[in-house]
Trainee: 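Just passing along the structure, written as structure tokens.
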Amino acid sequence: MTGEPLYLTTPIYYVNAEPHLGHTYTTVVADTLARFWRARGRETFVVTGTDEHGDKIAQAAAKASVSPKAYADRVSALFRSTWEATGLTPGYFVRTTDPGHVAFVQKVLAAIHARGDIYFDRYRGLYCFGCERFYQERELVNGLCPDHKQAPTEIAEENYFFRMGRYKERLVRLLEDEPDRITPEGYRREVLAMLREPIGDLCISRPKSRLDWGIDLPFDARYVTYVWFDALLSYVSALEHVGRLDLWPTAHHLIAKDILKPHAIFWPTMLMAAELPLYRRLCVHGYWQMDRDKMSKSLGNVVRPLEMQARYGMDAFRYYLLREMAFGQDADFSEAALIARLNADLANGLGNLASRVLAMQQRYFAGVVQPAAPTPADLALRAAFDAARRDLDAQVADFAFHRGLEALWRALDHANKYVVETAPFTLAKDPGGRPRAGAVLHELCEALRVTAQLVEPFLPETAARLARLLGLPADVLGRLDLPWGDAFPAGHRTAAPEALFPRVEVPGA
RNA sequence: CGCGGGGUGGAGCAGUCAGGUAGCUCGCGAGGCUCAUAACCUCGAGGUCGGUGGUUCAAAUCCACCCCCCGCAACCA
């Protein structure tokens, strides 16, 4: 398992909005998983990107008096630059307007059409322009669209349909036989529940008379393909573009629960029809609920990643997101909670530990690491970090980032206790105690080194900084199996402490 | 029968899938330490884990029913 490559995707984000908390969370998870598994010997490849076709984009562009492409270019570039600035850099950034993607979509559509799984039919239905979709009678609330509270318009038109229903039973069997295809488990059950209802076929086109901002159907130039055959196929077209289609069967899709159905039902049936391998796993997370009462006025209602980065640092923001949300469940976002985490876990916990250890190393030994001489207490400290590593690995493998971090912080707590119990600051003042004080600090430096390595997927900037303060080369972060005691040879010097995470004081809080 | 989330010490949460000492942060009380970012460590007060019934040697955790709260006005992940 450990050696298997891993292809991670975020959704391609629709360019009708600027990057916000939801986009950022999914992208942070992808980045964290990529770093985590890379450090454990797996090749990882992350793709994110933008979804650029559709009504809303055409309308927004018209409103701004620019072409749809120009509009999409601008917002797409905003996503790309945001991820670069925040260090969430994917291996590839795909756009649905990329010529390669367009050609790929047309190739797949042509193949499925040739096979007879796409047919032409007349459709009459109730269409909501806000949702850009047709509704069944029974889905309406008092005759109105449940989202937009508007009466849908009856439209009759001819369109192309994908024979999705043909693959339903095969999909049900797959999900029953391979429970790990969708995680967390609750979402698999939800999908199986959806599949107990008739799923019908999927309308996959729009006449150009109504919408022409899309990819032409290869078999009928009067139409463009709509939404799913365009957007979902980007997961594969991106790999084709970079010449790594071999990674496709290892795909793990990270999504939020709002797009569960397209990813859990439309997408696998499309892949079956296209005779492409299925993705390996669908990983579904919940929503961040905005607690407006707890938001600062300056923050407003929108959580912009660049603002959070500027205010608290990207690492603190990442930590909060990963520590606070149980992957799969909803969570509340509040700036107060972020600050509480930052102060308690990062400043008082990790930051203060690094600070006191490096300060003593500096003050008592001019930064020179002394020989170790393990006692039972020292071995217990090592055991605490060994346990943290095991717990962390198990929890992250299960997407339980919050528990993984909790496990690592148990070891940090242990280290803080160890400082008090061994009291190197007392030992160092007595000539007879100096060797022991030096040995204790050696253990603590190792603890910090292991911490830097384990925390790297979550707090990459901090890990690099900690390594530097410890006087270690940056590549030490990838050497997870470096034995305890081997990182600091005789004469090794550490640097003077720096505040990794200054406390954030809130007036009146 | 719209969809979804939730009710755990004063506040905010984890733990529920794989039943077996109820854990974390903040706050509160007492003490310790003085290396450190007024941080760190120890001890303590405070919970019948929404309710009722059931399964079990054992339930916050499984099953049934019931009560209550919140989101779906957004930046849709």
Side-chain angles (χ1 to χ4, degrees), chain A residues 10-14 16-30 48 56 138-142 146-149 179 183-186 188-190 254-260 284-292 294 300-305 321 323-326 328-334 336-337 339-341 343-364 398 400 402-403 405-406 409-410 412-413 415-429 437 440-441 444 497-505 509:
Chain A
T10 75
I12 48 171
Y13 303 120
Y14 203 38
N16 67 338
E18 300 187 358
H20 59 68
L21 179 60
H23 304 125
T24 308
Y25 177 72
T26 314
T27 311
V28 163
V29 170
T48 189
K56 284 183 184 168
R138 60 184 169 81
E139 292 180 293
L140 300 175
V141 178
N142 298 323
D147 281 346
H148 295 82
K149 316 293 183 203
T183 192
E185 168 66 17
R188 173 177 155 269
R189 287 198 301 266
E190 195 173 327
L254 301 168
I255 63 165
K257 64 184 184 181
D258 59 323
I259 46 177
L260 177 62
V284 190
H285 69 256
Y287 284 142
W288 283 96
Q289 309 283 2
M290 293 302 140
D291 190 338
R292 298 186 178 193
K294 291 180 185 168
N301 295 332
V302 183
V303 177
R304 295 188 182 84
L321 295 179
R323 179 66 183 77
E324 202 73 6
M325 175 176 266
Q329 294 185 33
D330 289 357
D332 287 311
F333 184 92
S334 96
I339 292 169
R341 282 285 176 207
N343 285 339
D345 298 356
L346 298 178
N348 299 348
L350 173 55
N352 187 239
L353 178 67
S355 180
R356 65 201 304 205
V357 170
L358 291 167
M360 286 189 278
Q361 190 69 65
Q362 205 64 28
R363 181 191 289 203
Y364 304 137
D398 210 23
H402 65 305
R403 297 168 78 168
L405 288 168
E406 196 181 1
W409 254 255
R410 275 196 292 275
L412 292 175
D413 288 344
N416 266 321
K417 286 182 189 41
Y418 171 86
V419 173
V420 171
E421 283 163 8
T422 56
F425 41 84
T426 302
L427 293 167
K429 290 167 186 161
V440 164
L441 289 173
L444 286 164
E498 292 172 11
L500 258 25
F501 300 96
R503 285 178 61 85
V504 175
E505 302 301 342

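Only heavy atoms go into these numbers, but all of them, side chains included; no hydrogens, no water, no symmetry mates. Just so it is clear, the model here is predicted, and its values are computed rather than measured. Just so it is clear: chains get the letters A, B, ... in the order the sequence lines come, proteins before strands, and each one is counted from 1.
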Trainee: In whole angstrom, give me the gap between the C1' atoms of B:C62 and B:A18.
Mentor: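 About 12 Å, rounded to a whole number of Å.
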Trainee: Considering heavy-atom distances to RNA chain B, does A:V419 or A:E190 have its closest nucleotide positioned more toward the 5' end?
Mentor: A:E190
Trainee: Expressed in whole Å, how much space separates the P atoms belonging to B:C66 and B:G71?
Mentor: 24 Å
Trainee: Who does B:C72 pair with, Watson-Crick or G-U, both distances under 3.5 Å?
Mentor: B:G2
Trainee: Contact class for A:A337 (heavy atom, under 4.0 Å): base, sugar-phosphate, or nothing?
Mentor: nothing
Trainee: Under 4.0 Å between a side-chain N/O of A:K257 and OP1 or OP2 of B:C3, yes or no?
Mentor: no
Trainee: Please name all residues satisfying ring-ring contact (aromatic ring centres under 6.0 Å, His included) with A:Y25, sequence neighbours left out, ordered by chain then number.
Mentor: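 With sequence neighbours excluded, A:Y25 shows a ring-ring contact (aromatic ring centres under 6.0 Å, His included) to A:H285, A:W288, given in chain and number order.
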Trainee: Are any of A:K417's side-chain N or O atoms less than 4.0 Å away from OP1 or OP2 of B:U42?
Mentor: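 So the side chain of A:K417 is within the cut-off, an N or O lying under 4.0 Å from OP1 or OP2 of B:U42.
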Trainee: Write down the distance separating the P atoms in B:U34 and B:G44, rounded off to the nearest Å.
Mentor: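 To the nearest whole Å, 23 Å.
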Trainee: Taking salt bridge (Lys or Arg N to Asp or Glu O under 4.0 Å) as the definition, give me every residue that meets it alongside A:K417, ordered by chain and number, with sequence neighbours left out.
Mentor: none
Trainee: Applying a 4.0 Å non-hydrogen cut-off, can you work out what A:Q329 is touching in the nucleic acid: base, sugar-phosphate, or nothing?
Mentor: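 Sugar-phosphate: the residue A:Q329, judged by heavy atoms under 4.0 Å, touches backbone atoms but no base.
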Trainee: For nucleotides B:A77 and B:C68, find the distance between their C1' atoms and express it as a whole number of Å.
Mentor: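 Per the computed distance, 30 Å lies between those C1' atoms.
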Trainee: What does A:P424 touch in the nucleic acid at a heavy-atom separation under 4.0 angstrom: a base, only the sugar-phosphate, or nothing?
Mentor: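 Result for A:P424 = nothing.
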Trainee: Who does B:C13 pair with, Watson-Crick or G-U, both distances under 3.5 Å?
Mentor: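 The base-pairing partner of B:C13, which may sit in any strand shown, is B:G23.
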Trainee: Indicate, with a heavy-atom threshold strictly under 4.0 Å, whether A:T26 touches base, sugar-phosphate, or nothing.
Mentor: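 Sugar-phosphate contact only - A:T26 comes under 4.0 Å of backbone atoms but never of a base.
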Trainee: Using the C1' atom as the point on both nucleotides, what is the distance between B:A60 and B:U16, in whole Å?
Mentor: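 Straight-line distance between the two C1' atoms is 7 Å.
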Trainee: With respect to the phosphate group of B:C13, does any side-chain polar atom (N or O) of A:H402 fall under 4.0 Å of OP1 or OP2?
Mentor: no
Trainee: Could you state the CG-P distance from A:N416 to B:C41, rounded to the nearest angstrom?
Mentor: 5 Å
Trainee: Taking the same atom, P, in B:A74 and in B:G19, what whole-Å distance lies between them?
Mentor: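 Looking at atom P only, B:A74 and B:G19 are 43 Å apart.
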Trainee: If you pin A:V420 and A:W288 to their nearest nucleotides in RNA chain B, which one's is more 5'?
Mentor: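 Upstream on the strand: A:V420.
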Trainee: Does A:I259 reach a base, just sugar-phosphate, or nothing at all? Heavy atoms under 4.0 Å.
Mentor: sugar-phosphate
Trainee: Closer than 4.0 Å, any side-chain N/O of A:R363 to the OP1 or OP2 of B:A36?
Mentor: yes
Trainee: Using a 4.0 Å heavy-atom cut-off, does A:F501 contact any base of the nucleic acid, only the sugar-phosphate backbone, or nothing at all?
Mentor: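 Since a base atom lies under 4.0 Å of A:F501, the category is base.
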Trainee: Looking at A:T27 and A:H23, would you say the former's side chain and the latter's main chain have a donor-acceptor pair under 3.5 Å?
Mentor: yes
Trainee: Look at the side chain of A:A344 and decide which nucleotide, out of B:U37, B:C35, B:U25, has an atom nearest to it.
Mentor: B:U25
Trainee: Paired with B:A30: which nucleotide, if any, by Watson-Crick or G-U wobble criteria at under 3.5 Å for both distances?
Mentor: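 B:A30 is paired with B:U42.
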Trainee: Rounding to the closest angstrom, what is the interatomic distance between B:G51 and B:C67 at atom P?
Mentor: 15 Å
Trainee: Taking only the side-chain nitrogens and oxygens of A:R503, find out if one of them lies under 4.0 Å from OP1 or OP2 of B:A38.
Mentor: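 Answer is no, no contact under 4.0 Å.
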Trainee: Which listed nucleotide (B:U25, B:C40, B:C76) is nearest to the side chain of A:D345?
Mentor: B:U25
Trainee: Using Watson-Crick or G-U wobble geometry with both distances below 3.5 Å, tell me the partner of B:C35, or none.
Mentor: none
Trainee: Any side-chain to backbone donor/acceptor pair from A:D330 onto A:G286? Under 3.5 Å, distance only.
Mentor: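 Judged by distance alone, no pair lies under 3.5 Å.
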Trainee: Measuring from the side chain of A:S355 (C-beta onward, heavy atoms only), which nucleotide among B:U37, B:U34, B:A77 has the closest atom?
Mentor: B:U37
Trainee: A:L254 pairs by side-chain contact (heavy atoms from CB on, under 4.5 Å) with which of A:T48, A:V29, A:V284?
Mentor: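 Output: one option passes, namely A:V29.
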Trainee: With the side chain of A:N348 defined as its heavy atoms from C-beta on, choose the nearest nucleotide among B:A39, B:C24, B:C76.
Mentor: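 For A:N348, the side-chain atoms sit closest to B:A39.
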Trainee: Quick one: closest heavy-atom pair of A:S355 and A:P497, and the distance?
Mentor: O-CB, 3.7 Å
Trainee: Counting only side-chain heavy atoms from C-beta out, which of B:C35, B:A36, B:G5 sits nearest to A:N352?
Mentor: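 Of the options given, the side chain of A:N352 lies nearest B:A36.
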Trainee: Using the C1' atoms only, state how far B:U37 lies from B:C28, rounded to an integer number of Å.
Mentor: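 Their C1' atoms lie roughly 24 Å apart.
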